[in-house]
K.L.:
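Before anything else, here's the structure in question.
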2 protein chains.
Amino acid sequence: MRAGFRREAPEDRRRQLAEAALRCIVRHGNAGVSARQIAMEAGVTQGLITHHFGEINELVAHAFDMMSDGMLDTVMTAVDSALPEPKARLEAFVENSFSPALFDRDVLGVWVVFWGLILHSPRMSASQKGEYTAYVVTVEKLITDYAEAEGCAIASPRLAAIGFTALMDGLWLAWCLNPEAFQPEEGIRIGKNWIEGLRLGAFA
Amino acid sequence: MRAGFRREAPEDRRRQLAEAALRCIVRHGNAGVSARQIAMEAGVTQGLITHHFGEINELVAHAFDMMSDGMLDTVMTAVDSALPEPKARLEAFVENSFSPALFDRDVLGVWVVFWGLILHSPRMSASQKGEYTAYVVTVEKLITDYAEAEGCAIASPRLAAIGFTALMDGLWLAWCLNPEAFQPEEGIRIGKNWIEGLRLGAFA
DNA sequence: AGAGAAATTATACGATCATATAATTTCTCT
DNA sequence: AGAGAAATTATATGATCGTATAATTTCTCT
């Protein structure tokens with residue numbers, strides 16, 4: 001006897017499959033990017049991936065977009081619930097970037113897989129360009145608001161935002177690869193020191 | 001008729017295989033980590049990998065150690081051929097980190113594969129800990145020399161070195177993933193702005 | 001109720017994977 | 001020169017890979 005199955009709306013199924021893919025990637029890294037494994041994790045058969053995504057790379061790209069949007073939302077929701085002063089918002093950004101929800105080896109593990117794909121897949125690269133731009137623009141706004149409130153000059157807010165983003169990503173990477181390297185609180189301290197450099201005019 | 005083969009010293013063969021592995025990883029990313037592909041690239045048969053390394057992960061770890069040492073050597077050789085003043089040395093470090101030899105998509109592609117393995121393999125993680133520590137210690141020396149020469153206070157040279165390293169790695173990552181994001185010269189500018197923040201007392 | 005569309009399963013195919021084992025070749029040493 | 005050790009090849013095995021195709025089930029709509 002054949003087992004029955006539930007029929008679901010395409011958007012729901014696509015989300016379920018993407019979430020299953022993320023769990024597989026967390027568990028096995030690059031080796032987790034496998035149509036068979038993902039389908040089993042989602043409790044469906046492999047054919048469903050072909051049906052909804054065509055090729056598996058499209059499924060992974062969808063998971064990337066979902067996760068990318070989710071992470072920026074998470075940190076910005078926290079920023080928006082902080083005090084409205086620009087300094088408080090910028091510091092909330094730092095503190096939340098180092099919160100356990102994001103400063104997490106499993107999360108980085110997923111991103112490392114994405115990075116590898118971005119370098120070799122035009123489809124993934126296209127997604128990344130959009131996500132990165134959105135991220136930097138958001139950071140730039142936080143920085144210019146802060147600079148205006150503190151009355152400090154910034155020659156290129158864009159470069160400051162790129163640098164600050166790079167610092168946060170680099171700390172995330174370094175800590176996840178080797179959590180013994182420094183404490184999360186030390187990461188927050190480094191981020192705030194960077195802000196202090198900005199205030200002192202390092203980017204003027 | 002069987003093709004003849006040359007017999008080589010184990011160290012030579014191990015190096016050849018590691019170099020072939022790096023070329024395969026550059027070409028195909030994670031998919032390049034394959035005993036068959038690497039053996040073919042090196043012009044030998046797969047059995048040789050088993051013979052010299054046992055399992056393929058050990059070969060990749062060997063390639064990681066080789067490349068890691070080589071990159072630090074490359075940049076420090078350039079630093080040592082700069083003017084002896086601490087400021088010139090630190091700036092030479094920045095400028096050389098953004099030179100085409102290191103600021104390169106192919107190079108990052110190899111590292112992304114390594115990062116993925118570090119997160120899932122104790123063997124690779126052990127190598128990474130050592131390489132990272134060596135890197136940060138080197139950077140810390142450059143920074144403390146600079147701080148002494150400029151007469152600026154640094155509360156924790158270790159944290160400053162971790163932050164500076166993270167900034168450079170983050171810029172490397174961001175640019176390689178999306179070379180349109182900023183120009184290499186802009187990366188140098190960001191690095192030097194960080195140094196200026198240090199001088200102004202952001203880390204005091 | 002029942003027909004048609006779409007979601008889902010079932011199955012098959014050829015390629016590639018890592019690794020083990022045994023046969024063979026090369027080189028060194030005496 | 002020739003024997004032995006080690007490097008290397010040759011070959012086999014079973015697992016997993018992505019994807020295509022056809023059969024089947026579910027659900028909606030009239």
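Note that the structure is a prediction, hence the values are computed from the model and not measured. A, B, ... follow the sequence lines: proteins, then strands. Residue 1 opens every chain.
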K.L.:
So, using side-chain contact (heavy atoms from CB on, under 4.5 Å) as the criterion, who are the partners of R158(A) when residues are at least two apart?
P.N.:
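Testing R158(A) for side-chain contact (heavy atoms from CB on, under 4.5 Å), a comparison that skips the adjacent residues, returns E140(A), S156(A), I162(A), F182(B), E186(B).
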K.L.:
Using modelled atom types only, decide if a donor and an acceptor are shared between the side chain of S81(A) and the backbone of A78(A) within a distance under 3.5 Å.
P.N.:
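Yes, S81(A) side chain to A78(A) backbone: donor-acceptor pair under 3.5 Å.
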K.L.:
Grab the stems for DNA chain D, please: at least three consecutive Watson-Crick or wobble pairs, both distances below 3.5 Å, written as range with range.
P.N.:
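As far as DNA chain D goes, consecutive pairing (with distances under 3.5 Å) yields the stems C:1-30 with D:1-30.
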K.L.:
Taking side chain as C-beta onward, heavy atoms only, is L72(B) less than 4.5 Å from V75(B)?
P.N.:
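Result yes, sub-4.5 Å side-chain heavy-atom pair found.
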K.L.:
Tabulate below the donor-acceptor pairs under 3.5 Å that side-chain atoms of residues 130-138 of chain A make, not counting sequence neighbours, or state none.
P.N.:
unit_1: E131(A); atom_1: OE1; unit_2: S68(A); atom_2: OG; d: 3.2
unit_1: T133(A); atom_1: OG1; unit_2: K129(A); atom_2: O; d: 2.8
unit_1: T138(A); atom_1: OG1; unit_2: A134(A); atom_2: O; d: 2.9

K.L.:
Hey, are E185(A) and R189(A) close enough for a salt bridge, meaning a charged N less than 4.0 Å from a carboxylate O?
P.N.:
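Answer for the salt bridge query: no.
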K.L.:
Mind checking what makes side-chain contact (heavy atoms from CB on, under 4.5 Å) contact with E8(B), not counting sequence neighbours?
P.N.:
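For E8(B), the residues satisfying side-chain contact (heavy atoms from CB on, under 4.5 Å) (neighbours in sequence not counted) are R6(B), D12(B), R13(B), Q16(B).
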K.L.:
Please list, in numerical order, the residues of residues 8-28 of chain A that have a heavy atom closer than 4.0 Å to any atom of DNA chain D.
P.N.:
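Within residues 8-28 of chain A, no residue comes under 4.0 Å of DNA chain D.
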K.L.:
Hey, are the side chains of L198(B) and W194(B) touching, using non-hydrogen atoms and a 4.5 Å cut-off?
P.N.:
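Yes - at least one pair of side-chain heavy atoms lies under 4.5 Å apart.
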K.L.:
Kindly say whether S121(A) contributes a backbone atom to a donor-acceptor pair with the side chain of S125(A) at under 3.5 angstrom?
P.N.:
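Flag not set: sc S125(A) to bb S121(A) has no pair under 3.5 Å.
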K.L.:
Between the protein and nucleotides 27-29 of chain D, list the N/O to N/O atom pairs that are separated by less than 3.5 angstrom.
P.N.:
none

K.L.:
Please state how far atom CD1 in I38(B) lies from atom P in dT16(C), giving the value in whole angstrom units.
P.N.:
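From I38(B) CD1 to dT16(C) P: 16 Å.
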K.L.:
Taking only residues two or more places apart in sequence or in another chain, which ones pass side-chain contact (heavy atoms from CB on, under 4.5 Å) with K141(A)?
P.N.:
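Partners of K141(A) under the side-chain contact (heavy atoms from CB on, under 4.5 Å) test: D145(A).
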K.L.:
Rounded to whole angstrom units, what separation is found between the CZ atom of R36(B) and the P atom of dA20(C)?
P.N.:
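One finds 14 Å between P of dA20(C) and CZ of R36(B), rounded.
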K.L.:
With the threshold set at under 4.0 Å for non-hydrogen atoms, list the residues of residues 41-66 of chain A touching DNA chain D in residue-number order.
P.N.:
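By residue number: Q46(A), E55(A), I56(A).
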K.L.:
Which residue pairs satisfy the side-chain hydrogen bond (donor to acceptor under 3.5 Å, both in side chains) criterion with at least one member in residues 83-97 of chain A, sequence neighbours excluded?
P.N.:
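Listed once each, the pairs are D80(A)-R89(A), E95(A)-K192(A).
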K.L.:
Can you sort out the partners of Q37(A) under side-chain contact (heavy atoms from CB on, under 4.5 Å), two or more places apart, ordered by chain and number?
P.N.:
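Per chain and number, Q37(A) pairs via side-chain contact (heavy atoms from CB on, under 4.5 Å) with C24(A), H28(A), S34(A).
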K.L.:
Please, which pairs that meet side-chain hydrogen bond (donor to acceptor under 3.5 Å, both in side chains) have at least one residue in residues 45-62 of chain B, sequence neighbours excluded?
P.N.:
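side-chain hydrogen bond (donor to acceptor under 3.5 Å, both in side chains) check on residues 45-62 of chain B returns E58(B)-R123(B).
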K.L.:
Please set out all donor-acceptor pairs under 3.5 angstrom arising from side-chain atoms of residues 101-115 of chain B, sequence neighbours excluded.
P.N.:
unit_1: D104(B); atom_1: OD1; unit_2: D106(B); atom_2: N; d: 2.6
unit_1: D104(B); atom_1: OD1; unit_2: V107(B); atom_2: N; d: 3.2
unit_1: R105(B); atom_1: NH1; unit_2: C176(B); atom_2: O; d: 2.5

